[in-house]
Amino acid sequence: MTTEPSTLPKTPSPAAGTAPTGAGRIERYDPAEIEARWQARWEELGLHRADLEDTSRPKYYLLGMYPYPSGDLHVGHWFMYTPTDVIARFHRMHGENVFFPMGFDAFGLPAENAAIKSGTHPYAWTMKNIENMRRQLRSMGNMIDWDAEVVTADPSYYRWNQWIFLKFLEAGLAYRRMAAVDWCPKDQVTLAREQVEGPDRVCWRCGTPVVKRDLEQWFFKTTAYAEELLSFEGIDWPEPVRVMQTNWIGRSEGAEIVFTAAPGEYREGGEVIRVFTTRPDTLFGATFMVLAPEHPLVEALTAPERRGAVEMYQFEATRKSEIDRLSTDRQKSGVPIGADAINPVNGERIPIWIADYVLAGYGTGAIMAVPAHDERDYGFARWAGLPIRQVIAPRDAKQASFVAGQVAGVGIPGSAYVAKGDDHQLINSGEFDGQSPVAAIRTITSWLEEQGKGRLAVIYRLRDWLISRQRYWGTPIPIVYCERDGIVPVPESQLPVELPMDAEFRPTGESPLKSHGAFLNTTCPKCDGPARRETDTMDTFMDSSWYWWRYLSPAATDHAIDRRMDERWCPVDQYTGGAEHAVMHLLYARFFAKALADLGIVHEREPFRKLFNQGQILGADGERMSKSRGNVQDPDELVRRFGADTVRLFLMFMGPWDQGGPWNEQGIGGLHRFLNRIWTVTLDPHGRERSAGAGSGRVEAPGEAEAARGLRAAAHRTLQAVTADHAGFRWNTMIAHLMELTNELMRHRGTSVARTPAWDESVRLLLLMLAPLAPHISEELWSRRQATAGEDWRSIHTERWPAYEESVVLPETIELPVQVNGKLRDLVPMAPGLSEIEIEQIVLARDKIRATLAGRQPARVIHVPGRLVNLVVR
RNA sequence: GGGCGAGUGGCGAAAUGGCAGACGCGCCGGCCUUAGGAGCCGGUGCCGCGUAAGCGGCGUGUCAGUUCGAAUCUGACCUCGCCUACCA
């Protein structure tokens, strides 16, 4: 149960005796002392603990992507977690029950590599790092609820990875198969398709070019949700992420068409070869067929005299993916296999080739090649000297000359002709001649369907998620292999399958589990006979695919996810993190939500209602921060010099949150000065009182009452702007507004205005607005004000966010910009809310305007109420 | 090759159809100080005129367009960043 600080008995203010009253020198702002003291205090009070059972207030589940415990929190972490903390605090000040947990993505390769290198056990290495990062996270002053922490490398967590795996297995969402998978030779591990990046197909972690390997591996059936994953209905996600996921899933509509192998010199033929095409309308233009080199039918169809060349090519194709593919020249290559296929629409025999431009993993791994109307097929046909037959032409005879050369067989066009608009028609296509391509897509597909030779088909680029990893530091896959019973899942009652702690770490390139006899050798849960454990562990993205559910019951031993808590708290209201996980973590997380919902384990099909991608802070050199580049920025030193509050503000003041940019700590002093000025106006409003005439001569010129009214208006206008900026996460302008108010207060400091209630109210509002951004100094100043006023202490962070007064915000006079022909010519002071006629009269009476008009009459007057007047003259 | 985003002072940036450069850094000048890499006050887009207060012109990557009015909307182009890449 959360303790409400406001109900606590009065606790002595930490600085009660020293709270200044205005005379004499005040003590300096000492962030180090203040921050340590308040952090300890908040912890002691349990101020950041959420009461998950409390339903009296609206819930707000806020989540920042949990960190990998690399050992140090760098400015990138600060840049992500600070504004997230501000969001949390702002919502709490609105009376919401805010849950802001934190944990560690504790499995993964660096720990294991460190073990091989330095002999430290991955567990010890990881725990030491976590310890340090907890300390650093605390030093930021975030309102993290540490009671909910999860550490994924703990058996109490990964046991439930295993449990979910078994559920997926039962439901057919997890399966094992032999596949040519991507392998990182440096990390000695397989990778999911999403984890291979760029044109050179490199490992997402270390940048090493990957190679293909044929391995028996475990997969999750992400493709089962391909269609549903395309819909983002009901969730508020940034456009770039939605686009990336949509492209990654890569839906395309077309037809699957059945070709058959033609009888040959040595064979009867008749084998079914399925191809996928988005252009069934060009079926008559197919002049050859291409299979992926790895296509399963290649072996059976290849003519004996072609076997040597075919096998050579297949070998080269695998080598090509192994050797650096940095040479991105698109030179086509391929070999004929000495067999023909029969085109189902006209019975025509076309030669079959294999070529690596056809991918085994996409569609059916086979295509009908229509060189006249597909760039890739065209390029291949030109290279191989294969025929090109045009079957689509413009209806317009004059346009037809564009491709006439092909039809007549004279001359060779420079490229494929891919247009398919309504002004085109089919030619050389038998009974379909004259139809528009779009119509023919329909008619040819239904003709094929009637003949049983094809059907409408939708295919996706998305592949199933390969989760097997040949490494030690991950969740063991709960499977045993029995000589008699084959693949046997470990029964739930025997979970967790624990990682043995006494594994040996040597740079052999093999998982230590493979040579750990006690782990490897086990008995079959079914027959009790001898069996071998699966030695692969799970991809660490498994851990991060459901951790926010675990935060709701981190210690539970009888279930993975507390269904009651899930219903109360999920989905996460706001998720923040980098966009680099768009097609990895964020896609897996959505897959999990859908799969777990179908299994009845959770109630919502989307995990995160709102997503925000913050920008990335680069090193001072403009490059991505990395240890190897040596450009990682450690904020600890800045925190020592300026305090966490200053560092928080500095990071938020840099620019829009979604932008990031190169790190440059020039300017941090400005934020520190800002806090110092707040310190001064709060604790020392009178300074060395500037009595009239003694100081700079600015004192009380406009009269105290008017100045006080102006100050109060400024404070309320600031509140209005700051409140609006919270909604858009516009921290930089929010801080700018607070600076303006502080500067305004500073101008009145030492004058009699600083003795008015308006001054007091303005300072009060300033501190409340500052509280989410700079929690320590605002708490300190708040407590000192309370002590001075003789009030009981109550944390500023449990105060309600103030409301601005509409009537105060409205200005008493405005300076209306006046343009002539769109050029600014004058600023005219007047009362707000005058009629257009009144305004016009005032404006036309102005000297400057009369001079500019020089006797001309405005042909038109544009009034933008409250904003501007534009006089249009010819 | 395709997709998305961005280009504004010396720098980080504001302004998303209505006063371009808020706020901050840096720089310049002044005050205070034994001192200052502290604090306070003032100035600071560029060019021209003026001793000055001030006045005028130009100005948001380039070129066109829409509009009374464009940093903002439209089209083409240039540059940079991110994603993607023989996806049939």
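Labels below follow one simple rule: chain letters A, B, ... track the order of the sequence lines, proteins then strands, and each chain is numbered from 1.
The A/Asn732 side chain lies nearest to B/A14 when the options are B/A14, B/G24, B/U84. If you check B/C19, B/C23, B/G18 against the side chain of A/Ile862, the one that comes closest is B/G18. Closest to the A/Met244 side chain, of the nucleotides B/G12, B/C83, B/G3, is B/C83. Of the listed nucleotides (B/A88, B/C86, B/G24), B/C86 has the atom at the smallest distance from the side chain of A/Tyr357. Considering only the side chain of A/Arg677, B/G24 comes nearest among B/G24, B/A88, B/C58. The nucleotide whose nearest atom lies closest to any side-chain atom of A/Leu671 is, among B/G3, B/A88, B/G24, B/G24. For A/Asn743, the side-chain atoms get nearest to B/C23 when compared with the rest of B/C19, B/A85, B/C23. Checking B/A88, B/G18, B/C23 against the side-chain heavy atoms of A/Gln819 singles out B/G18 as nearest. Minimum atom distance to the side chain of A/Met739 is reached by B/C23, of the listed B/G12, B/C55, B/C23. Nearest nucleotide to the A/Arg673 side chain, out of B/A13, B/G12, B/A38: B/A38.
Across B/G7 and B/U62, the matching C1' atoms stand 12 Å from one another, rounded to whole Å. Taking atom C1' in both B/U60 and B/G43, the straight-line distance is 24 Å, to the nearest Å. Taking atom C1' in both B/C78 and B/G42, one finds a spacing of 42 Å when rounded to whole Å. Look at the C1' atom in both B/G9 and B/G61: the space between them is 15 Å, to the nearest Å. The separation of B/C41 from B/C32, taken at their P atoms, amounts to 15 Å, rounded to a whole angstrom. A distance of about 9 Å separates the C1' atoms of B/A13 and B/G24, rounded to the whole Å. As rounded to the nearest Å, B/A15 and B/U72 have C1' atoms that lie 9 Å from one another. For the P atoms, the distance from B/C19 to B/A70 is 11 Å, rounded to whole Å.
Using a cut-off of 4.0 Å between Lys/Arg side-chain N and Asp/Glu carboxylate O, A/Asp30 and A/Arg28 are scored as not salt-bridged. Ion pair A/Glu744/A/Arg747 flagged as a salt bridge, since at least one NZ, NE, NH1 or NH2 atom sits closer than 4.0 Å to an Asp/Glu carboxylate oxygen.
B/C40: Watson-Crick or G-U partner is B/G30, with both key distances under 3.5 Å. Of all nucleotides present, only B/G48 satisfies the Watson-Crick or G-U wobble test against B/C55, with each distance under 3.5 Å. With a cut-off of 3.5 Å on both pairing distances, the Watson-Crick or G-U wobble partner of B/U79 is B/A6. Nucleotide B/C73: paired with B/G65 (Watson-Crick or G-U wobble, both distances less than 3.5 Å). Base pairing annotation: B/G17 forms no Watson-Crick or G-U wobble pair, as no partner gives both donor-acceptor distances under 3.5 Å.
Residue A/Arg274 contributes atom CZ, which lies 19 Å from atom P of B/A88 at whole-angstrom precision. Rounded to whole Å, atom P of B/G81 lies 18 Å from atom CD1 of A/Ile617. A/Glu239 has its CD atom 18 Å from the P atom of B/C83, to the nearest Å. Atoms CD (A/Gln666) and C1' (B/G24) sit 12 Å apart, rounded to a whole Å. The separation between A/Trp679 atom CH2 and B/A38 atom C1' is 17 Å, rounded to whole Å. Look at CZ on A/Phe642: it is 15 Å from P on B/G37, rounded to the nearest Å. Atom CG in A/Asp377 sits roughly 10 Å away from atom C1' in B/C86 (whole-Å rounding). Rounding to whole angstrom units, CD of residue A/Gln659 and C1' of B/G12 are separated by 10 Å.
If you check every strand for non-hydrogen atoms under 4.0 Å, A/Arg825 touches sugar and phosphate atoms only. Nucleic acid contact class of A/Leu871 (heavy atoms, under 4.0 Å, all strands): none. Using a 4.0 Å heavy-atom cutoff across all strands shown, A/Val290 reaches no nucleic acid atom at all. Contacts of A/Arg867 with the nucleic acid, taken as non-hydrogen atoms under 4.0 Å apart, involve only primed sugar atoms and P, OP1 or OP2.
Judged by closest nucleotide on RNA chain B, A/Asn870 is the one of A/Asn870 and A/Arg279 placed further toward the 5' end.
Taking 90° from 0 as the syn/anti boundary, the base of B/G9 is oriented syn.
At least one donor-acceptor pair closer than 3.5 Å links the side chain of A/His373 to the backbone N or O of A/Ile392. The main-chain N or O of A/Val861 is never found under 3.5 Å from a side-chain atom of A/Asn870 such that the two would form a donor-acceptor pair. Panel note: side chain A/Arg825, backbone A/Val818; no donor-acceptor pair is recorded below 3.5 Å.
OP1 or OP2 of B/C55 has at least one side-chain nitrogen or oxygen of A/Lys848 nearer than 4.0 Å. For A/Lys823 and B/A20, the shortest distance from a side-chain N or O to OP1 or OP2 is not below 4.0 Å.
Taking the six-membered ring for Trp, A/Phe650 and A/His672 have ring centres at least 6.0 Å apart. Two rings, from A/Trp731 and A/Phe653, have their centers 6.0 Å or more apart.
For the pair A/Leu291 and A/Ile273, the minimum side-chain heavy-atom distance is below 4.5 Å.
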